[in-house]
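These notes are about the structure you will find just below.
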Amino acid sequence: MAAPMELFCWSGGWGLPSVDLDSLAVLTYARFTGAPLKVHKITNPWRSPSGTLPALQTSHGEVISVPHKIITHLRKEKYNADYDLSARQGADTLAFMSLLEEKLLPVLIHTFWIDTKNYVEVTRKWYAEAMPFPLNFFLPGRMQRQYMERLQLLCGEHRPENEEELEKELYREARECLTLLSQRLGSQKFFFGDAPASLDAFVFSHLALLLQTKLPSGKLQAHLQGLHNLCAYCTHILCLYFPWDGAEVPPPQQTPVGSETEEEPYRRRNQILSVLAGLAAMVGYALLSGIVSIQRATPARAPGTQALSMAEEDEEE
């Protein structure tokens, strides 16, 4: 009997089954198709077989870590949400997917990772509290830098150089995108009728993340809240496909042996490796940046000098 497919993704919060846009898209598509996945909702990407989230380990042991490729593999395994779509609907799917990436994704990155107030009070706070020590000290900052680079790639070279002008243009295009999505959805349950397709998984992941999070700075959020059919659309998908996965603080429960959220034989090993790797990264950073230096001891040093030097270094750290 083949091993089950295993999905590793960021765990839930903010009333959503996952706080990560890519993880949420893959989870939603899997629920739409009924794909039999063993899901690991985790807050340590180093526990993923690829070191990133989301990641799918196939029944043959192959590891796939790009959301579109994960969905393509599920389709190959006969879990295809687009099976009944016409050629025109397939073309519409590609067009709207491109629209999401070009017009809406940049603002989502800006909202959660660039906007200082949102990043400090919401995004970084959640990841720093959810991640194990010592990852919570440096990984949120590294993720922010990666999202900054991703935003630069999405914006391209033909954008205004002035940051304020760029922000205005991004938000204007995102509002137009939301309005277009609202008009296209109309009064339908899903974008192509009564059954969800892959487009619905990606639209939902973008909208729900923006709609459900309590943001101190929510410029685009206010516009989305005024589009009532999109709000009802997100609520419908959450209630229908994630009736138990949206709790911000999951109720305490006993974790049985073989639970899908933990791998008991490897749990202790992974914790130790995470701590050692994190400490090594912190020491390496301290040495490279000059915070801590290694010097040869001199025989003429007065008694008590070494202890004083170490105390000063500890205070600086």
Side-chain angles (χ1 to χ4, degrees), residues 14 16 18-26 28-29 66-69 71 81-82 85 88-119 122-123 143-144 146-186 188 190-192 196-213 215 217-234 237:
W14 308 330
L16 295 169
S18 177
V19 300
D20 174 64
L21 188 149
D22 291 336
S23 296
L24 185 55
V26 173
T28 305
Y29 183 87
V66 179
H68 288 280
K69 292 183 178 179
I71 289 176
D82 297 341
L85 297 187
R88 181 172 180 175
Q89 289 172 331
D92 286 347
T93 297
L94 294 177
F96 276 98
M97 295 279 281
S98 178
L99 185 72
L100 289 173
E101 184 167 336
E102 292 178 12
K103 307 299 183 184
L104 194 53
L105 179 57
V107 170
L108 286 179
I109 293 176
H110 188 278
T111 298
F112 286 91
W113 294 97
I114 311 299
D115 185 290
T116 304
K117 199 170 183 64
N118 289 339
Y119 173 70
V122 178
T123 310
M143 292 171 67
Q144 184 191 39
Q146 290 172 342
Y147 275 107
M148 285 180 175
E149 293 172 0
R150 189 174 178 183
L151 181 60
Q152 289 176 349
L153 290 173
L154 289 169
C155 289
E157 301 177 357
H158 306 292
R159 295 287 188 172
E161 293 184 5
N162 182 282
E163 189 170 335
E164 186 176 341
E165 288 297 319
L166 172 61
E167 184 178 332
K168 286 182 180 178
E169 183 175 338
L170 289 177
Y171 277 85
R172 177 183 59 79
E173 292 181 348
R175 286 192 295 270
E176 291 175 357
C177 177
L178 289 178
T179 302
L180 184 61
L181 288 171
S182 176
Q183 292 171 350
R184 177 64 180 80
L185 178 64
Q188 299 179 111
F190 301 101
F191 276 87
F192 298 115
S198 61
L199 177 61
D200 293 286
F202 284 95
V203 171
F204 168 75
S205 64
H206 284 70
L207 300 187
L209 196 62
L210 185 63
L211 187 63
Q212 291 289 115
T213 314
L215 297 170
S217 176
K219 303 172 187 176
L220 189 62
Q221 190 177 56
H223 183 73
L224 175 58
Q225 289 170 344
L227 301 172
H228 301 297
N229 64 334
L230 291 183
C231 296
Y233 169 82
C234 292
I237 291 177

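Counting from 1, the numbers follow the sequence of the chain as shown. Quick caveat: nothing in here was measured; it's all calculated off a predicted structure.
From Q144, atom CD reaches atom CE of M148 across 4.0 Å, with rounding to the nearest 0.5 Å. Interatomic distance, L21 CG to L207 CG, rounded to the nearest 0.5 Å: 9.5 Å. A distance of 9.5 Å separates CG of L154 from CG of L170, quoted to the nearest 0.5 Å. A distance of 13.0 Å separates CG in L178 from NZ in K103, rounded to the nearest 0.5 Å. Rounding to the nearest 0.5 Å gives a distance of 8.5 Å between CG of D92 and CG of L199.
With hydrogens and angles disregarded, a donor-acceptor distance shorter than 3.5 Å links the side chain of N118 to the backbone of S217. Checked by atom type and distance alone, the side chain of R184 pairs as donor or acceptor with a backbone atom of F191 at under 3.5 Å. Side chain of Q212 to backbone of L16: no donor-acceptor contact under 3.5 angstrom is found. N229 places a side-chain N or O within donor-acceptor distance of the main-chain N or O of G186, the cut-off being under 3.5 Å. Side-chain atoms of Q225 do not come within 3.5 Å of backbone N or O of C231 as any donor-acceptor pair. T28 places a side-chain N or O within donor-acceptor distance of the main-chain N or O of L24, the cut-off being under 3.5 Å.
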> When you look at L104 and L220, which way does the side-chain contact (heavy atoms from CB on, under 4.5 Å) test go after all the steps?
Replying inline: CA-CA 10 Å; L104 194 53; L220 189 62; 3.8 Å; yes

> What's the verdict on ring-ring contact (aromatic ring centres under 6.0 Å, His included) for Y29 and H68, showing C-alpha distance, side-chain angles and the deciding distance?
Replying inline: CA-CA 11 Å; Y29 183 87; H68 288 280; over 10 Å; no

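Contact of the V19 side chain with the T123 side chain is not registered, since no non-hydrogen atoms from C-beta on lie closer than 4.5 Å. Two residues are said to be in side-chain contact when any heavy atoms from C-beta on lie closer than 4.5 Å; R172 and E176 meet this criterion. Looking only at side-chain heavy atoms (C-beta outward), L100 and L181 come within less than 4.5 Å of each other. A 4.5 Å side-chain heavy-atom check between F112 and L209 finds at least one atom pair inside the cut-off. Put simply, the side chain of L211 does not reach to within 4.5 Å of the side chain of Q221, judged on heavy atoms. For the pair L105 and L151, the minimum side-chain heavy-atom distance is 4.5 Å or more.
Residues meeting the salt bridge (charged side-chain N to carboxylate O under 4.0 Å, His left out) test with K117, sequence neighbours left out: E121. Partners of F204 by ring pair (Phe, Tyr, Trp, His ring centres under 6.0 Å), not counting sequence neighbours: none found. In this view, Y147 and W113 satisfy the ring pair (Phe, Tyr, Trp, His ring centres under 6.0 Å) rule, not counting sequence neighbours. F192 meets the ring pair (Phe, Tyr, Trp, His ring centres under 6.0 Å) test with no other residue; sequence neighbours excluded. When the ring pair (Phe, Tyr, Trp, His ring centres under 6.0 Å) test is applied to H110, the partners found at least two apart in sequence or on another chain are Y171.
For Q89 and T93, the side-chain atoms include no donor-acceptor pair closer than 3.5 Å. A donor-acceptor contact under 3.5 angstrom links the side chains of H223 and T179, judged on distance only.
The residues E173 and K168 are annotated as not salt-bridged, no charged nitrogen and carboxylate oxygen being separated by less than 4.0 angstrom.
Contacts classified as side chain to side chain donor-acceptor pair (under 3.5 Å) and involving residues 197-206 (residues at least two apart or in different chains) are given here: R75-S198, D82-S198, D200-Y233.
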